[in-house]
Amino acid sequence: VKDWRNAMQHQIPVSATFSLFKYLNISPSFNYTERWYTNKVEKAYDMQKKQVVARDTTYGFYRVFDYSTSVSASTTLYGFYKPLPFLGDKVKMIRHRFEPSVTLSYTPDFGASKYGFWKDLMYEDQFGQEQHVSYTPFESGMFGYAPNGKSGSLSFQLDNNLEMKIKSDRDSTGERKISLIDKLSLGMSYNMAADSFKWSDLSVGLRLKFSKSYTLNLNGQFDTYTYGADKNGKPIRLDIPRWKAGKGIGRLRSTGTSFSYTFNNDTFKKWFGGKTDSNIPEENAGDGELENLTAENADGENADAEGTQEGGRLRGKKKDTGEYDSDGYLVSKIPWSLSFNYSMQLRYGDFDPNR
């Protein structure tokens, strides 16, 4: 056990979903993770290296476990809008699907001394200053370690979808759906167990689906706290939510966009009105395969009328079908696809304390 890294991990997820008051979906869950390690590494401060280093490795059997629980509630609301008659009859209906959800989760503090998964190290550095650090002896474990610190958060998620139904001669039903906003999501959480900065960033995502092959994604992170300046004039983050300071909900911290497109055999044919391969009926799918081969005639007996026995082998009659060019060669259609992906991310570093 000293010559190779080894560990075992057990995970027990328990979850359920049931309806409350007919329209509200409740989903409680409980997750337990246990890791078995054969060693742990103690640390100490090295005066020569002037840093905390691994000092001693102890071998044995060690259990490192953690667990968490959560419960979420979600529902789906629909809104319909029918355009006024004087706007025309091309648009039949616009539908808005709204999916709010709330999740309450809790994780105990596995950094407490009663568990023994984390240790406090007190030392004096090279300047004679007393320092305090927390570390886990199982930091290098193959399956990680138990989290340090208690967490009790309340998360909010709002998902939106907007579709439009229009008249169409291209569909047999006489109408088709168009996706206006495939998904617009907003998410935020509140950590009740934290001492400060309890609100998380506001996450916003937008997905636009222009076609089956072209999807555009936009995302953004908004900082929900205000900024001030220290005695040196350097911006610092203050534990004051922006709405309490009268500065709105959030300020853009980072944003990004990505989109992708896939070309295949039918792409250009669809663009220029040609006949696609997917619309060409497949005939004689069993071309060239053996037919009427049973256990009885496997030894060359009772050959089918269409088959011939040759060299102890039974061959079915080969169907001479397919598409050939002017020179008599069989035309082979090889499916292909080419995907193009693009993404960009922007992040903001310095903040104006007055904004």
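The closest side-chain heavy-atom distance from R55 to D46 is below 4.5 Å. Using a 4.5 Å heavy-atom threshold, the side chains of E99 and R97 count as touching.
Residues passing the side chain to side chain donor-acceptor pair (under 3.5 Å) test with D159 are Q157, sequence neighbours excluded. Remark: K165 engages E175 in a salt bridge (Lys or Arg N to Asp or Glu O under 4.0 Å) (not counting sequence neighbours).
Remark: side-chain polar atoms of T224 are not paired, donor with acceptor, to backbone N or O of D201 under 3.5 angstrom. No donor-acceptor distance shorter than 3.5 angstrom exists from the side chain of T103 to the backbone of A73, with no hydrogens or angles considered. Side chain of N232 to backbone of K234: no donor-acceptor contact under 3.5 angstrom is found. Judged purely by atom type and a 3.5 angstrom limit, N264 has no side-chain atom pairing as donor or acceptor with the backbone of S337.
Distance check, rounded to the nearest 0.5 Å: NZ of K198 to OG of S196 gives 9.0 Å.
Using modelled atom types and a 3.5 Å distance limit, the side chains of S105 and S153 yield a donor-acceptor pair. A donor and an acceptor atom, one from each side chain of N39 and T58, are nowhere located under 3.5 Å apart. Remark: the N160 side chain and the H96 side chain contain an N/O donor-acceptor pair separated by less than 3.5 Å.
With respect to D66 and R35, a salt bridge is recorded, a charged nitrogen being found less than 4.0 Å from a carboxylate O. Ionic pairing of D182 and R207 is present here: one or more N-O contacts between side-chain nitrogen and carboxylate oxygen are shorter than 4.0 angstrom.
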Please list every donor-acceptor pair under 3.5 Å in which a side-chain atom of residues 135-146 meets a protein atom from a residue at least two apart or in another chain.
| from | atom 1 | to | atom 2 | distance (Å) |
| --- | --- | --- | --- | --- |
| Y135 | OH | E42 | OE1 | 3.0 |
| Y135 | OH | K43 | N | 3.2 |
| T136 | OG1 | F117 | O | 2.8 |
| T136 | OG1 | F138 | N | 3.3 |
| E139 | OE1 | K43 | NZ | 2.7 |

Without placing hydrogens or testing angles, list every side-chain donor-acceptor pair under 3.5 Å for residues 10-30, not counting sequence neighbours.
| from | atom 1 | to | atom 2 | distance (Å) |
| --- | --- | --- | --- | --- |
| T17 | OG1 | S27 | OG | 3.3 |
| S29 | OG | S70 | OG | 2.7 |

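For the pair D120 and S134, the tightest heavy-atom approach, listed with the atom from each and the gap, is OD1-OG, 2.9 Å.
Here the rule is salt bridge (Lys or Arg N to Asp or Glu O under 4.0 Å) with D223, and of R347, K247, R237 only R237 fits it.
The hydrophobic side chain of V41 is isolated, with no ILVMFWY side chain under 4.5 Å apart from it. Y78 shares a hydrophobic cluster with F80, M93; the chain of contacts runs through ILVMFWY side chains whose heavy atoms sit under 4.5 Å apart.
Note: F197 and Y225 have perpendicular aromatic rings, judged against thresholds of 30 and 60 degrees for the angle between ring planes. Relative ring orientation between Y67 and F110 is described as perpendicular, the plane-to-plane angle rising above 60° on a 0-90° scale split at 30° and 60°. The aromatic rings of W199 and F156 sit parallel, their planes meeting at an angle under 30°, below the 60° perpendicular limit.
Between Y62 and Y37, the distance separating the two ring centers is not shorter than 6.0 angstrom.
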